[in-house]
Every structure is written in C-alpha cells, then in structure tokens.
2 protein chains.
Amino acid sequence: MARTTGSFGEKTEAALREAAVELIARHGYEAVSMRRLAAAIGVQAAALYNYFPTKEDLLFTLMREHMEGLIAAWNAADPGGPPRERLAAFVENHIVFHVERRHATHVSNMELRSLAPERLTAMLRLRSAYEKVLRQILREGAAAGDFAVEDATLTAMAIIQMITGVIVWFRPDERLSVEEVAATYHAMTMRLVGAQPMRRRGAANQPRERLDV
Amino acid sequence: MARTTGSFGEKTEAALREAAVELIARHGYEAVSMRRLAAAIGVQAAALYNYFPTKEDLLFTLMREHMEGLIAAWNAADPGGPPRERLAAFVENHIVFHVERRHATHVSNMELRSLAPERLTAMLRLRSAYEKVLRQILREGAAAGDFAVEDATLTAMAIIQMITGVIVWFRPDERLSVEEVAATYHAMTMRLVGAQPMRRRGAANQPRERLDV
C-alpha cells in the first residue's frame, strides 16, 4: 500500500499502522480521524494520504492483513493428518496468534460495521474461508467417529468465540503463561467435541498435571 | 434516572435509550454525540440533559441496567439443586437473555473502554458477581465429581465467551430457533465440563453415547 518508499516512509507507515490499531481499538473507528492519527505520530494529516487515500483504505488494509496473517499462520501450523491433531493445532495457533494481536483482533471483530458493503463482503469471505477449515476438521472427525458434533457450523462458531475470547481477559504477565492457557483450552475443546485429548487423559477434577498437549 | 415524569417524558426517555443502544452499537460511543442522539429521536439536544446530565451517565445507566437485568434473570431462572441442572439453566438463561438484547450486549462488552475509572470498577464488580455464579457451579460440580474442570476461572470465561458469541452470528429468523441453538450449546457445554447432558435434547447425528465423563 505504501506510496512512499525508503526508510522514512516505511517508518511513518509502520507508526501509522500501529497508532491506528491502538487508537481504533481504544476509541472506535468512527471517532478516530486522520487528523487525530497524524497528531499521534507527529506528522501532518496530509502526509497520511500518501499511504492510505482514505481512512477506510487504512481500516480495510489493517483488517485484511490481520485475517490474511491468521490464515497464513494456520497454513504454516497445519500438521495435516488426523482431525484430532489438526484441531489441537488449530486451537493453539488461534490463541497464540490472537494474544499477540489483541488490539488488531478487537478492531477486526468490532469494525466490520464500519466497512462499505463491497469490502465487508471481502472480509466476510476471508473469515468464512478460515471458519471453513475448522468446520471441515470437525466434519472429518465426526465422520471418523472421533468427534461428537451436533452441528459443525455451530460448533465451529462456538470454538472460535471461546478461543478468541482469551484476549478479553488474558494478560501474559499474570498467573498463567500463554502455553498454560492454550493447554487448558485444548483440553476444553477436545471435551467439547467429545474427543480424547491428544495424550493421556486423567481422571476428572485433577488439576494442571493432565493439561499436556 | 428520569427527571421528567408523565407519559411524554417516559416516552422520550424510552426512545432515547433505544436510540442510544442502537447508535452506540453501530458507531461506537465516542462517535455518538448527545446532539446526534437528540436528532435521532427528534428533540433538542438540551432536552436530553433532563434525563441524563452527561453522555457518560447515559452509557453507564445502559450498561448497569443490562448487567443488573442479566443477574436478575439468572436469579429468577436458577433452579438450585445439582450443579449439572444449574449449569444447564445458566447456559439457557444467558443465551436467551443475550439474543434478545444484541445491541445492548455489544455496547456492554465494547464500551467498558469508555467508562471513567470509578464506573468501570462498578461495572467490573457486577460482571465479576455474575461470573462468580458460574465459577461456583463449576467448583461444586468438580467437587462432586460431576465435572472435569482444570481451572474454574478459565472454564467460566470460556463458557461465557462461547455462549455470548451466539449474538455475533445468530439471527432468530434463520435456520435454527433460539431453543435449538440453546440445546446445542447445552450439549457442548456439558461435554466441555466433562459431564453428561441433562437429558437427550434433540440434535442431529449424535454419537452422544461416547460422551464419557
């Protein structure tokens, strides 16, 4: 998207993106003007239009790159093979990706409302492609008799909402590491689909030892 | 909160609340001025200050009443008795309450960011009281050997995120009724905590027998 090259332009664009994600997550897209963004990074508003002709171009770019990044991360993390292994990898990848991008995730989830129809459609298509991966894993697992799934669409939505929700409360410097959180969500997801966790499954009510991935 | 009584005042306040919830959900709190709210309901901006001295008073009232309504609905729905029954009632009450209040739920979840510290604390206290109900149900169920719960706090957050997420995609006029959605989420929640479902609720392709605890 950058119309300006070279290190000054690149730095400005990076600062702009970072400020945009933070300010939009904090105040909402509509309340954040290009002027406000420019002030946050110490440039003139007119300079921003070298990078993004409109504020919606900026929003759309942030949202599209977020979803494309998520899909690329999944493609790199997908182990293939049995549905149980793929589901475990899906949950872990999703949680790790999102806890590292809390503000961008808020923007991505909240500001679909701010996109014009054509771009909304493009974003929904990307989201749908990602959700389809999970639906297919669930359907394969159910077909193989590994998973109990009443409705693959609902279950996929339930799992995605559950694991995205981590960003609402999780702070990496608190009592649990992201690995511990991911392990607990792995155990919950496996039970949710009626599957055994990836390794040993201990007796009920037995704390952290059995959260092995 | 109404400083004006009588049917004109009540109608105006009701219209104001309804418009506020819709406009804030659509545009974000910061982007919705009292002037814009007044225009939406066809009164002068000055008239709104009879009902809510500040825009934040209005936001806080909407958010507080939403959470108080949720807690009251739960108190009315709580069957007492075994944790499994209470958990089933909790999930059903939560889903039914939220699908009827989609915009208010968005406002409640998104606009914590817009509250001043004291009011944020008050809201977080209400949310925490509600979450504590679920944590206690989970702990009782785990202590009774009915539930497999690694971490009651994480599990409560996971369940709440999962079941609140229904409002993101559910539209009552689509392929599923709210009862069908609630029944599927009931089955998923019971499995998530390693419990048997309450009884056989209708659901497609259920290999429910293998939902061993």
Side-chain angles (χ1 to χ4, degrees), chain A residues 24-32 106 109-111 113-114 142-143 145-155 157-170 175-176 180-181 183-185 187-196 201-211, chain B residues 24-32 106 109-111 113-114 141-151 153-155 157-166 168-170 175-176 180-181 183-185 187-189 191-195 201-213:
Chain A
I24 295 171
R26 176 75 191 86
H27 302 282
Y29 170 77
E30 205 172 309
V32 179
H106 278 301
N109 289 341
M110 282 174 1
E111 299 298 353
R113 65 186 179 188
S114 301
D146 291 342
F147 296 164
V149 174
E150 291 83 10
D151 182 313
T153 303
L154 257 70
T155 305
M157 293 312 292
I159 292 173
I160 286 174
Q161 299 290 344
M162 177 178 85
I163 61 186
T164 306
V166 170
I167 64 158
V168 174
W169 58 266
F170 179 67
R175 70 180 172 100
L176 296 168
E180 288 170 313
V181 169
T184 301
Y185 275 77
M188 292 192 286
T189 303
M190 287 295 158
R191 281 199 301 266
L192 193 155
V193 301
Q196 302 289 334
R201 179 182 164 122
N205 320 328
Q206 180 183 319
R208 206 59 49 73
E209 293 73 55
R210 61 191 207 74
L211 297 186
Chain B
I24 295 170
R26 176 75 191 85
H27 302 283
Y29 169 77
E30 205 173 309
V32 178
H106 277 302
N109 289 341
M110 281 174 1
E111 299 297 353
R113 65 186 178 189
S114 302
D146 291 342
F147 296 164
V149 174
E150 291 83 10
D151 181 313
T153 303
L154 258 71
T155 307
M157 294 311 294
I159 291 173
I160 286 174
Q161 299 291 346
M162 177 178 85
I163 61 186
T164 306
V166 170
V168 174
W169 57 267
F170 179 68
R175 70 181 172 98
L176 295 168
E180 288 170 309
V181 169
T184 301
Y185 275 76
M188 290 191 288
T189 304
R191 282 200 299 267
L192 192 156
V193 300
R201 303 214 182 182
N205 53 313
Q206 73 279 43
R208 200 68 51 78
E209 294 70 31
R210 29 183 314 290
L211 300 185
D212 45 332
V213 194

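So that the names make sense, note that chain A is the first sequence line, chain B the second, and so on, each numbered from 1. For the numbers below, each heavy atom of this structure counts, side chains included, while hydrogens, waters and symmetry mates do not.
A heavy-atom distance below 4.5 Å is not found between the side chains of B:I159 and A:M162. Taking the side chain as every heavy atom from C-beta outward, A:V193 and B:R191 never approach each other to under 4.5 Å.
To the nearest 0.5 angstrom, A:F170 atom CZ is 13.0 Å from B:M157 atom CE. The structure places NE2 of A:H106 at 10.0 Å from CG of B:N109, a figure rounded to the nearest 0.5 Å. One distance of note links OH of B:Y185 with CD of A:E150; it measures 11.0 Å at 0.5 Å rounding.
Using a 4.5 Å cut-off between heavy atoms, A:T155 contacts chain B through both its backbone and its side chain. If you measure heavy-atom distances from B:L176 to chain A, the contacts under 4.5 Å come from the side chain alone. Interface remark: B:M110 contributes side-chain atoms only to the contact with chain A (heavy atom separation under 4.5 Å). In this structure, no portion of A:Y29 lies under 4.5 Å from any heavy atom of chain B.
In this structure, A:L154 and B:M188 approach most closely via the heavy-atom pair O-CE, 4.2 Å.
B:R113 pairs by the salt bridge (charged side-chain N to carboxylate O under 4.0 Å, His left out) definition with B:E111, not counting sequence neighbours.
Note: A:A158 leads A:A158, A:G28, A:S114 in heavy-atom pairs under 4.5 Å with chain B.
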Exercise for the section: Please report the C-alpha distance between B:V168 and A:Q161 in whole Å, then the side-chain angles of each, then the deciding distance to 0.1 Å, and finally whether the side-chain contact (heavy atoms from CB on, under 4.5 Å) criterion is met. Expected result: CA-CA 9 Å; B:V168 174; A:Q161 299 290 344; 3.7 Å; yes

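Using a cut-off of 4.0 Å between Lys/Arg side-chain N and Asp/Glu carboxylate O, B:E30 and A:R26 are scored as not salt-bridged.
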